[in-house]
Asks: 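My structure is below; once you've seen it, I'll send some questions.
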Amino acid sequence: MIVAPTMAEEILRVDNLHVSVEGNEIIKGLSITIKKGEIHALMGRNGSGKSTLANVIMGHPSYEITSGTIHYFGQPLEELEVFERSRAGMFLSFQYPAVIPGVQVGTFLRKSVQAIRGENAPSARDFRKELKSHMETLGMDKSFLGRYVNDGFSGGEKKRLEILQMLLLNPKLALLDETDSGLDIDALRDVAQGINSITQNSGCLVITHYQRLLQLVEPHFVHVMIDGKIVKSGSSDLAGELEEKGYDWLEVAA
Ligand code: ADP
Ligand code: MG
């Protein structure tokens, strides 16, 4: 399929990226460009390197870029520390969100908004208003705020918290790593609504195994990753094709 290039602003450009972890090459020549307003879905079997890509974009220290480049709004990413990437509008929703016993959700969210927005952080009153409206969007009860971050949370609650944090931080580039796994249909709908509400002004990379999320967020592009490379890209129809045929038919291209 030939996709017509748009004039939208380029947010992320990954060029012929190679990444190693502990001496093993995991990403083997991957390129992708994400523009403002675009949702890109990244699919592929476990172990193909999807999380590695998300982690390396965010700046995880365990991953070494051995060649290739990543640019964010035209700036080489290696110049930015993780916290600077975050302040510059990058957001990663973890595949496995960490538990932080002793830190209440409300405090965590307020501090993260202050850390990212700095001088532009809302007053306590405005923050509460924003928080309330996003929690309503996501169907989250107020009692959530007093609980410790992810402590004893169900899979769905953890993923809702990731999306709540994303809505508060309002990122320019959202990397969502299997944010839909383990969600029931109501939670999935809420998470999809959260994603859709930021995409007009952001670029979004959605890593998923399931077409059911992609029916609710409608990606502009679907990419299939096998063994550290994107072996096929297409429109949202490709997700349906994968659901039907699996990944075997693409192995030859890998
Ligand atoms: P996916 O998200 O597509 O399932 P990952 O990026 O998590 O794939 O993993 C790709 C490969 O890289 C796997 O073989 C995994 O074991 C390896 N890998 C990823 N992160 C690390 C790490 N921190 N240390 C060692 N190996 C890793
Ligand atoms: Mg993964």
Asks: What distance do Asp177 atom CG and Leu92 atom CG have between them, rounded to the nearest 0.5 Å?
Replies: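 Answer for the CG-CG pair, Asp177 versus Leu92, is 6.5 Å.
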Asks: Looking at Tyr210, I want to see if its OH is surrounded by more than 12 non-hydrogen atoms of other residues, nucleotides or ligands under 6.0 Å.
Replies: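 Not more than 12 within 6.0 Å, no.
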Asks: Any Lys/Arg nitrogen of Arg45 or Glu251 sitting under 4.0 Å from an Asp/Glu carboxylate oxygen of the other?
Replies: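 Looking at Arg45 and Glu251, the cut-off is met.
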Asks: What's the shortest heavy-atom distance between Val113 and Ala121, and which atoms?
Replies: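 That would be O-CB, 4.3 Å.
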Asks: What about the rings of His223 and His40, do their centers lie closer together than 6.0 Å?
Replies: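 Yes - the distance between ring centres of His223 and His40 falls below the 6.0 Å cut-off.
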Asks: For Phe91, does the CZ atom have more than 12 heavy-atom neighbours from other residues, nucleotides or ligands under 6.0 Å away?
Replies: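 Yes, because the 6.0 Å sphere around CZ of Phe91 holds more than 12 heavy atoms from other groups.
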Asks: If I take atom NZ from residue Lys158 and atom CG from residue Asp151, how far apart are they, to the nearest 0.5 angstrom?
Replies: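 Atom-to-atom, Lys158:NZ and Asp151:CG are 9.0 Å apart.
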Asks: Judged by atom type as modelled, is there a donor-acceptor pair below 3.5 Å linking the side chain of Glu64 to the main-chain atoms of Ser20?
Replies: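 No, Glu64 side chain to Ser20 backbone: no donor-acceptor pair under 3.5 Å.
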Asks: Can you check whether Gly44's main-chain N or O pairs, donor with acceptor, with Lys50's side chain at less than 3.5 Å?
Replies: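 Here the side-chain-to-backbone pair exists.
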Asks: Verify the cluster assignment for Ile34 and Val224: are they in a single hydrophobic cluster under the rule of side-chain heavy atoms below 4.5 Å apart?
Replies: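 They do not share one cluster, since no chain of ILVMFWY contacts under 4.5 Å joins Ile34 to Val224.
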Asks: State whether the side chain of His220 and the backbone N or O of Ile39 hold a donor-acceptor pair below 3.5 Å, judged by distance alone.
Replies: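 Yes; judged by distance alone, with no hydrogens or angles, the pair exists.
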Asks: If every non-hydrogen atom of Ile198 is compared with every non-hydrogen atom of Leu167, which pair is closest and at what distance?
Replies: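 Heavy atoms only, the tightest pair is CG2-CD2, 3.8 Å.
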Asks: Look up atom CD in Glu136 and atom NZ in Lys132, then write down how far apart they are to the nearest 0.5 Å.
Replies: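 So the CD of Glu136 and the NZ of Lys132 are separated by 5.0 Å.
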Asks: Using only atom types and a distance under 3.5 Å, with no angle test, would you say the side chain of Arg85 pairs donor to acceptor with the backbone of Leu80?
Replies: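 Between the backbone of Leu80 and the side chain of Arg85 there is a qualifying donor-acceptor contact (under 3.5 Å).
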Asks: Scan side-chain atoms only and decide if His209 and Asp180 contain a donor-acceptor pair under the 3.5 Å cut-off.
Replies: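 No, because no side-chain N or O of His209 sits under 3.5 Å from a partner of the opposite role on Asp180.
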Asks: Sub-3.5 Å donor-acceptor pair from the side chain of Glu38 to the main-chain atoms of Lys35, do we have one?
Replies: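 A pair under 3.5 Å: yes.
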Asks: Measuring from atom CG of Leu17 to atom OG1 of Thr52, what distance do you get when rounded to the nearest 0.5 angstrom?
Replies: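 Going from CG on Leu17 over to OG1 on Thr52, the span is 10.5 Å.
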Asks: So, does Asp184 use its side chain to make a donor-acceptor pair with the main chain of Ala187 at under 3.5 Å?
Replies: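 Yes.
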Asks: Which heavy atom of Leu77 sits nearest a heavy atom of Ile57, and at what distance?
Replies: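 Residues Leu77 and Ile57, closest heavy atoms: CD2-O, 3.4 Å.
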Asks: Indicate the atoms forming the closest heavy-atom contact of Arg212 with Leu183, along with that distance.
Replies: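 Nearest pair, atom of Arg212 first, then Leu183: NH2-O, 2.8 Å.
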Asks: In chain order, what residues pass the side chain to side chain contact (heavy atoms under 4.5 Å, CB included) check against Asp141, with sequence neighbours excluded?
Replies: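 Side chain to side chain contact (heavy atoms under 4.5 Å, CB included) check on Asp141 returns Ser143.
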Asks: Please say whether the positively charged group of Arg110, taken as NZ for Lys or CZ for Arg, lies over the ring of Phe127, i.e. under 6.0 angstrom from the six-membered ring centre and within 45 degrees of the axis.
Replies: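 Ring-cation test returns yes.
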Asks: List for me each residue that meets side-chain hydrogen bond (donor to acceptor under 3.5 Å, both in side chains) alongside Gln95, sequence neighbours excluded, and say none if there are none.
Replies: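 Gln95 satisfies side-chain hydrogen bond (donor to acceptor under 3.5 Å, both in side chains) with Ser51, Glu178 only.
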Asks: With a 4.5 Å heavy-atom cut-off, do Met58 and Asn55 have their side chains touching?
Replies: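 The answer is no; the side chains never approach within 4.5 Å.
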Asks: Are any side-chain N or O atoms of Arg13 and backbone N or O atoms of Ser31, one a donor and one an acceptor, separated by less than 3.5 Å?
Replies: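 Side chain of Arg13 to backbone of Ser31, a donor-acceptor pair under 3.5 Å: no, none is there.
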Asks: Nearest 0.5 angstrom please: Leu30 CG to Met225 CE, how far?
Replies: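 Answer rounded to 0.5 Å: 5.0 Å.
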Asks: Looking at Lys245, I want to see if its NZ is surrounded by more than 12 non-hydrogen atoms of other residues, nucleotides or ligands under 6.0 Å.
Replies: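 For Lys245, atom NZ is crowded (more than 12 foreign heavy atoms under 6.0 Å).
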Asks: If you take the centroid of each ring, where Trp contributes its six-membered ring, are Phe108 and Tyr148 closer together than 6.0 Å?
Replies: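 Centroid distance Tyr148-Phe108: not below 6.0 Å, so no.
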Asks: Restricting to non-hydrogen atoms, name the atom on Thr66 and the atom on Val19 that form the minimum distance, rounded to 0.1 Å.
Replies: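 Closest approach of Thr66 to Val19: OG1-N, 4.2 Å.
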Asks: For the atom pair NZ (Lys172) and CG (Asn201), what is the distance rounded to the nearest 0.5 Å?
Replies: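 It comes to 10.0 Å.
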Asks: Quick one: does Glu10's side chain have a donor or acceptor within less than 3.5 Å of a partner on Thr33's backbone?
Replies: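 Not confirmed, Glu10 side chain does not pair with Thr33 backbone.
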Asks: Under 3.5 Å, side chain of Arg117 to main-chain N/O of Leu168, donor-acceptor pair present?
Replies: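 Yes; judged by distance alone, with no hydrogens or angles, the pair exists.
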Asks: Can you list everything that forms a ring pair (Phe, Tyr, Trp, His ring centres under 6.0 Å) with Tyr63? Sequence neighbours excluded, please.
Replies: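 Listed in chain order: His60.
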Asks: Would you find a donor on one side and an acceptor on the other, under 3.5 Å apart, between the side chain of Thr199 and the backbone of Ser202?
Replies: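 Judged by distance alone, no pair lies under 3.5 Å.
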